[in-house]
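In what follows, every heavy atom counts, from backbone to side chain, and hydrogens, waters and symmetry copies are set aside. The model shown is predicted, which means the values in this text are computed figures rather than measured ones.
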Amino acid sequence: MIVMGVIIIPVTDSPLRYPGGKTQLKGFINELIQTNSIKDCTYVEPFAGGAGVAMSLLLTEKVQEVIINDIDSSIYCFWKSILEHTDNFIKLLEETPVNINEWYKQKYIQENKDKFSVLEIGFSTFFLNRTNRSGIITGGPIGGYSQHSQYKIDCRFNKKNLIKKILKIASYKKQITVTNDDASVFIDKVIKFLDKDKTFIFFDPPYYKQGKHLYTNFYTHDDHVHLSKKILSLKDYYWITTYDLSKEIMEIYNIKNQKIYRLNYSANNKRKAAELLFYSERTTLPETNHIELISNI
Ligand SMILES: C[S@@+](CC[C@H](N)C(=O)[O-])C[C@H]1O[C@@H](n2cnc3c(N)ncnc32)[C@H](O)[C@@H]1O
């Protein structure tokens with residue numbers, strides 16, 4: 001973790017910047033896996049996004065294998081291409097200039113995905129994620145279109161560090177599976193076939209309130225209800241689900257295993273917002289310093 005004045009930037013193993021990314025939960029999730037004595041763990045994220053927790057657990061060898069899923073085909077292509085086209089991805093990263101002209105080219109790829117390969121889409125996703133404000137792929141470039149601001153388009157594009165991260169992840173590729181399904185479909189298609197004793201699942205769906213603004217795909221109220229039924233049906237699995245604090249989500253889930261939590265580390269109030277945590281009947285919560293479990297609801 002790097003402390004700059006009062007703003008704390010969590011260090012992540014993921015090459016993606018992710019709005020609402022949950023890398024900060026890595027310590028807590030590792031404790032969950034240890035407390036529940038899950039040996040040779042397969043760690044699953046049905047809403048993977050930047051997959052910061054998954055990468056950290058795998059790269060520090062706390063889990064045996066990870067399965068990451070996201071409905072967004074741009075995100076899927078990114079993960080697929082760094083794992084299956086590693087050398088070509090690195091070559092693109094080394095050779096592509098990071099300027100506003102290139103930004104328009106990469107945006108064109110993103111808007112015409114049917115004309116491009118997995119590698120081209122994956123690289124364009126990465127390029128726009130690293131050059132757009134807050135990492136939002138559909139957003140505008142850091143520094144604006146005229147690039148007159150103090151921060152320029154390349155200020156989050158440290159090629160050397162990014163190459164290091166990508167190569168490290170690719171060296172674990174035999175232990176990473178990437179899929180591109182709707183999370184509810186993914187539960188039926190993948191999770192239901194996993195060994196319940198060796199699997200830990202972290203559900204991090206789009207926020208109930210802000211999801212629409214942050215992500216390419218978003219959930220309606222009914223989608224959240226549908227998802228909750230699917231998750232709650234996984235009674236014999238180890239899982240947690242996090243959400244923004246909203247009365248609708250509390251009503252939808254309505255189980256005894258729920259807490260309000262706050263991240264413990266942060267001096268930045270914006271990041272210290274309380275969130276909801278739900279967990280399966282099989283899951284025991286650890287004694288933890290990583291997060292502040294504020295109360296039973
Ligand atoms: C809150 S973000 C996850 C962030 C992630 N935990 C991280 O740390 O980077 C939610 C993710 O869910 C994906 N998503 C949205 N709807 C989905 C769906 N129906 N099925 C699977 N993924 C979905 C979005 O594309 C987004 O990447």
Side-chain angles (χ1 to χ4, degrees), residues 1-24 26 48-60 68 70 72 74-75 77-107 109-110 119-173 176 178 214 265-268 270-271:
M1 191 178 293
I2 300 167
V3 182
M4 298 170 71
V6 289
I7 299 171
I8 295 180
I9 304 171
V11 172
T12 177
D13 292 302
S14 174
L16 292 181
R17 302 161 62 219
Y18 228 75
K22 289 288 163 55
T23 298
Q24 307 95 303
K26 63 187 180 187
V53 177
M55 292 309 136
S56 159
L57 293 174
L58 185 64
L59 271 44
T60 53
I68 53 176
D70 203 290
D72 187 333
S74 297
I75 300 291
C77 288
F78 165 74
W79 288 112
K80 266 292 197 213
S81 56
I82 67 161
L83 298 174
E84 288 178 12
H85 308 282
T86 315
D87 292 349
N88 287 335
F89 193 100
I90 298 293
K91 193 161 183 285
L92 273 174
L93 207 166
E94 280 169 340
E95 292 175 0
T96 306
V98 185
N99 58 34
I100 201 77
N101 282 343
E102 187 62 36
W103 185 88
Y104 281 109
K105 286 189 204 162
Q106 297 298 337
K107 194 170 164 56
I109 295 177
Q110 210 53 223
L119 172 63
E120 287 163 322
I121 299 167
F123 184 75
S124 144
T125 304
F126 171 76
F127 184 96
L128 294 172
N129 172 269
R130 303 284 341 165
T131 56
N132 279 357
R133 288 200 201 97
S134 306
I136 297 174
I137 291 166
T138 52
I142 300 170
Y145 296 96
S146 60
Q147 290 291 294
H148 285 323
S149 123
Q150 184 192 352
Y151 294 102
K152 306 279 187 252
I153 193 161
D154 62 351
C155 72
R156 300 250 182 252
F157 217 110
N158 181 328
K159 289 191 177 185
K160 215 170 126 207
N161 275 353
L162 291 166
I163 289 170
K164 231 163 108 184
K165 282 188 184 188
I166 291 166
L167 287 176
K168 179 98 198 207
I169 292 170
S171 72
Y172 283 83
K173 74 174 174 192
I176 307 174
V178 188
L214 286 176
Y265 72 89
S266 180
N268 178 349
K270 244 170 65 188
R271 286 180 180 275

Exercise. If you round to the nearest 0.5 Å, how far is CZ of R133 from OG of S149?
Worked result: 8.0 Å
Problem set entry | Beyond-backbone contact of T138 with I136, side-chain heavy atoms, under 4.5 angstrom | yes
For this session: May I ask you to decide if G50's main-chain N or O and S14's side chain share a donor-acceptor pair within less than 3.5 Å?
Result: yes
Exercise. Is the number of heavy atoms from other residues, nucleotides or ligands within 6.0 Å of NZ (K164) greater than 12?
Worked result: no
For this session: Name all residues meeting the side chain to side chain contact (heavy atoms under 4.5 Å, CB included) criterion together with K168; count only those two or more places apart in sequence or in a different chain, and write none if there are none.
Result: L59, Y172
Problem set entry | Among Y104, W103, F78, F157, the one residue meeting ring-ring contact (aromatic ring centres under 6.0 Å, His included) with F127 | F157
Expected list for residues 88-101: side-chain donor-acceptor pairs under 3.5 angstrom, two or more places apart:
| from | atom 1 | to | atom 2 | distance (Å) |
| --- | --- | --- | --- | --- |
| T96 | OG1 | L92 | O | 2.5 |
| N99 | OD1 | N101 | N | 3.3 |
| N99 | OD1 | E102 | N | 2.9 |

For this session: Please say whether more than 12 non-hydrogen atoms of neighbouring residues, nucleotides or ligands are located less than 6.0 Å from OH in Y151.
Result: no
Exercise. So, R156 side chain and G135 main chain: donor-acceptor pair closer than 3.5 Å or not?
Worked result: no
For this session: Start with the C-alpha distance between T131 and D154, add both sets of side-chain angles, then the distance that settles side chain to side chain contact (heavy atoms under 4.5 Å, CB included), and finish with yes or no.
Result: CA-CA 6 Å; T131 56; D154 62 351; over 6 Å; no
Exercise. Can you check whether R17's main-chain N or O pairs, donor with acceptor, with N129's side chain at less than 3.5 Å?
Worked result: yes
For this session: Determine yes or no for a side-chain-to-main-chain donor-acceptor pair under 3.5 angstrom, with Q147 supplying the side chain and I153 the backbone.
Result: yes
Exercise. What's the spacing between L57 CG and K26 NZ if we round to 0.5 Å?
Worked result: 9.0 Å
Seminar exercise, completed: Value for CD (E120) from CD (Q106), rounded to nearest 0.5 Å, stands at 9.0 Å
Problem set entry | Side-chain (N158) to main-chain (N161) donor-acceptor, under 3.5 angstrom | yes
Exercise. Got a second to check how far L58's CG is from I169's CD1, nearest 0.5 Å?
Worked result: 9.0 Å
Exercise. Which pair of heavy atoms, one from V53 and one from K22, lies closest together, and at what distance?
Worked result: CG2-O, 3.2 Å
For this session: Mark yes or no for whether T125, through its side chain, and S74, through its backbone, hold a donor-acceptor pair below 3.5 Å.
Result: yes
For this session: Could you pull out the closest heavy-atom pair between A54 and I68, with the gap in Å?
Result: CB-CG2, 3.9 Å
Seminar exercise, completed: Output for pair (I137 CD1, D72 CG), nearest 0.5 Å, gives 6.0 Å
Problem set entry | Whether D70 side chain and I75 backbone form a donor-acceptor pair below 3.5 Å | no
For this session: Apply side chain to side chain contact (heavy atoms under 4.5 Å, CB included) to L162 and R130, showing your working.
Result: CA-CA 10 Å; L162 291 166; R130 303 284 341 165; 3.9 Å; yes
Problem set entry | Approximate separation, where rounding is to 0.5 Å, of M55 CE and L16 CG | 9.5 Å
For this session: Let me see the working for S56 and T23 under side chain to side chain contact (heavy atoms under 4.5 Å, CB included), right down to the final yes or no.
Result: CA-CA 8 Å; S56 159; T23 298; 5.7 Å; no
Exercise. Do the side chain of W79 and the main chain of G49 share a donor and acceptor less than 3.5 angstrom apart?
Worked result: yes
Problem set entry | Test item: S81 side-chain N/O and C77 main-chain N/O as donor-acceptor pair under 3.5 Å | yes
Exercise. Taking the side chain from K165 and the backbone from T12, do they hold a donor-acceptor pair closer than 3.5 Å?
Worked result: yes
